[in-house]
Colleague: 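My structure is below; once you've seen it, I'll send some questions.
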Protein chains: 2
Amino acid sequence: MTATLDQRIRGDISARIQSGEWPPGTRIPYETELAAHYGCARATVSKAMETLARAGLIERRRKAGSFVARPHSQSAVLEVPDLASVAAAKGETYRWQRTRRAALAAGEAPDIAGIAGAALAVEGVHFADDLPFAIEERWISLAAVPGCADEDFADTAPGTWLLGHVPWTHARHRIRAVAASAAEARRLAIRPGTACLSLERWTWRARDYVTYVRQLFPGDRHDLIADFDPS
Amino acid sequence: MTATLDQRIRGDISARIQSGEWPPGTRIPYETELAAHYGCARATVSKAMETLARAGLIERRRKAGSFVARPHSQSAVLEVPDLASVAAAKGETYRWQRTRRAALAAGEAPDIAGIAGAALAVEGVHFADDLPFAIEERWISLAAVPGCADEDFADTAPGTWLLGHVPWTHARHRIRAVAASAAEARRLAIRPGTACLSLERWTWRARDYVTYVRQLFPGDRHDLIADFDPS
DNA sequence: AAGTGGTCTAGACCACATA
DNA sequence: ATGTGGTCTAGACCACTTC
């Protein structure tokens, strides 16, 4: 029921924006005016406004004031959970089966992985209720993740291990639809040419590549959900 | 070069986390300790810590202190730009061709759209350099967006119009890989069964559905990129 | 030149989780 | 019972932008 003053101010303003009462371009009252209106310190108003600005609802300009922002694109937060968690959430049994583990010398990792130095290559299949639902190909930079040389990844999928052991600073995902090749189809127990979701992820730590992974899901066994609330 | 004290504190701490010096679970010095170390007020430290907590780098617990977070899932910000902007960014000519516009009475919109009342149905094709690269099916709630009854959407894609005219509070995206049906393939000038990326988006304003849209892209003509920096 | 947001201070009190 | 984070205040000065 009761909320902080910060939240109340934020709520009042975003309600006016979302109701259309303050259309894009409207000037919001100055911080001093709002502080007087709420009978609080300007710092409290400022904090609320900063949060709204970071959420993209308003734009702030010195000397001019704060204005309701014009939306320019839809954005959404895509959660890419650990596959074991996905299966667990659906009440399915999860299993990882490694099919390859190889230490590669410098230059042997494929170009797309972006790893120039020595790397560890790992491939395997994720099963839910004993049905394969994703194949995974991964390369890990040994320079960036020296500890992974001691892991065999026979029982634990590398993604699960990396998540808890390696800090990263930037990640890029590419999502595509592709037809399953004959080899991929065999490992996923589907027909060649079936539409599959391809999820690629490059992970950096500072300027060094940490890992590149490609996961392939049969189209009817996986989808990605992204939710977004501006707030 | 020079930054605010807030940024400096944040940078120092995230550097220690990202370098691995402070692995997940490490207790970060108390706010009072950090304030003494930097010779500043606790509020300044608190602001830095709050930002780090919102970015997911740390977890704060009353009485216990703040701790380096254990990452549990990868998350990424998926930008879903207006398709006209995508084409423009690639230097391609963009064109929208409407193929259907129909006012529907209550109950006539498909269940998946979630719109119980009267709705406007719009379908069309997005072209880049005169090649179809997406088909779109959309339903707009007339109750939530009364102004759209006056739009014919012959020249402007509804997404472009809605972005600038309708405030929304929540959106959900679903991304899947599907095989093109015969009808879809014909409109996209591809072969039936081709792997396509299906992007669905439900948009709410408070508790009311505003619009539902499904866009279908040939797999080789579109992909989605999502970047993420924790900060 | 004037006035806005941006940052910071040195307190204060509170709520809550832990010990 | 204690000590942490959570919030807020009443000031202050600065930087930047617009007038």
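Excluded from the calculations below are hydrogen atoms, water molecules and symmetry mates; all remaining heavy atoms, backbone and side chain alike, are included. Here is the naming used below: chain letters follow the sequence lines, and residue numbers restart at 1 for every chain.
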Colleague: Could you go through the salt bridge (Lys or Arg N to Asp or Glu O under 4.0 Å) check for Arg95(A) and Asp130(A) one step at a time?
Modeller: CA-CA 7 Å; Arg95(A) 183 164 59 90; Asp130(A) 287 323; 3.5 Å; yes
Colleague: Taking atom P of dG6(C) as reference, at what distance in whole Å does atom CD of Glu50(A) sit?
Modeller: 8 Å
Colleague: In whole Å, what is the span from the CZ atom of Arg27(A) to the C1' atom of dT17(D)?
Modeller: 15 Å
Colleague: Tell me: CG of Asp6(B) to C1' of dG5(C), nearest whole Å?
Modeller: 15 Å
Colleague: Ser46(A) near the nucleic acid: base, sugar-phosphate alone, or nothing, with a heavy-atom cut-off under 4.0 Å?
Modeller: base
Colleague: For Arg61(B) and Thr44(B), find the nucleotide of DNA chain C closest to each by heavy atoms; which residue's nucleotide sits nearer the 5' end?
Modeller: Thr44(B)
Colleague: Taking atom OG1 of Thr211(A) and atom CG of Leu120(A), what is their separation to the nearest 0.5 Å?
Modeller: 9.0 Å
Colleague: Would you kindly say whether Tyr38(A) and Asp12(A) are connected by a side-chain donor-acceptor distance under 3.5 Å?
Modeller: yes
Colleague: What's the OH-C1' distance between Tyr30(A) and dG6(C), to the nearest Å?
Modeller: 17 Å
Colleague: Once you round it to whole Å, what is the distance between C1' of dT9(C) and OH of Tyr38(B)?
Modeller: 18 Å
Colleague: From C-beta outward on Thr4(B), which listed nucleotide comes closest to its side chain: dC8(D), dT7(C), dG5(C)?
Modeller: dT7(C)
Colleague: List the atom of Ala76(B), the atom of His173(A), and the distance in Å for their closest heavy-atom pair.
Modeller: CB-ND1, 3.6 Å
Colleague: dC16(D) C1' sits how many Å from Glu59(A) CD, rounded?
Modeller: 17 Å
Colleague: Tell me which nucleotide among dA17(C), dG6(C), dA10(C) gets nearest to the side chain of Arg62(A).
Modeller: dG6(C)
Colleague: Which part of the nucleic acid, if any, lies within contact of Arg42(B), taking any heavy atom under 4.0 Å across all strands shown: a base, the sugar-phosphate backbone alone, or nothing?
Modeller: base
Colleague: Roughly, in whole Å, what's the span from NZ in Lys47(A) to P in dT7(D)?
Modeller: 5 Å
Colleague: Check for me whether Arg98(A) meets the cation-pi criterion with Phe153(A), that is, NZ or CZ under 6.0 Å from the six-membered ring centre and within 45 degrees of the ring axis.
Modeller: no
Colleague: Once hydrogens and angles are ignored, does a donor-acceptor distance under 3.5 Å link the base of dT2(D) to the side chain of Lys63(B)?
Modeller: yes
Colleague: Tell me what Arg60(A) touches on the nucleic acid: a base, only sugar-phosphate, or nothing, going by heavy atoms under 4.0 Å.
Modeller: sugar-phosphate
Colleague: To the nearest Å, how far apart are Ile58(B) CD1 and dG6(D) P?
Modeller: 9 Å
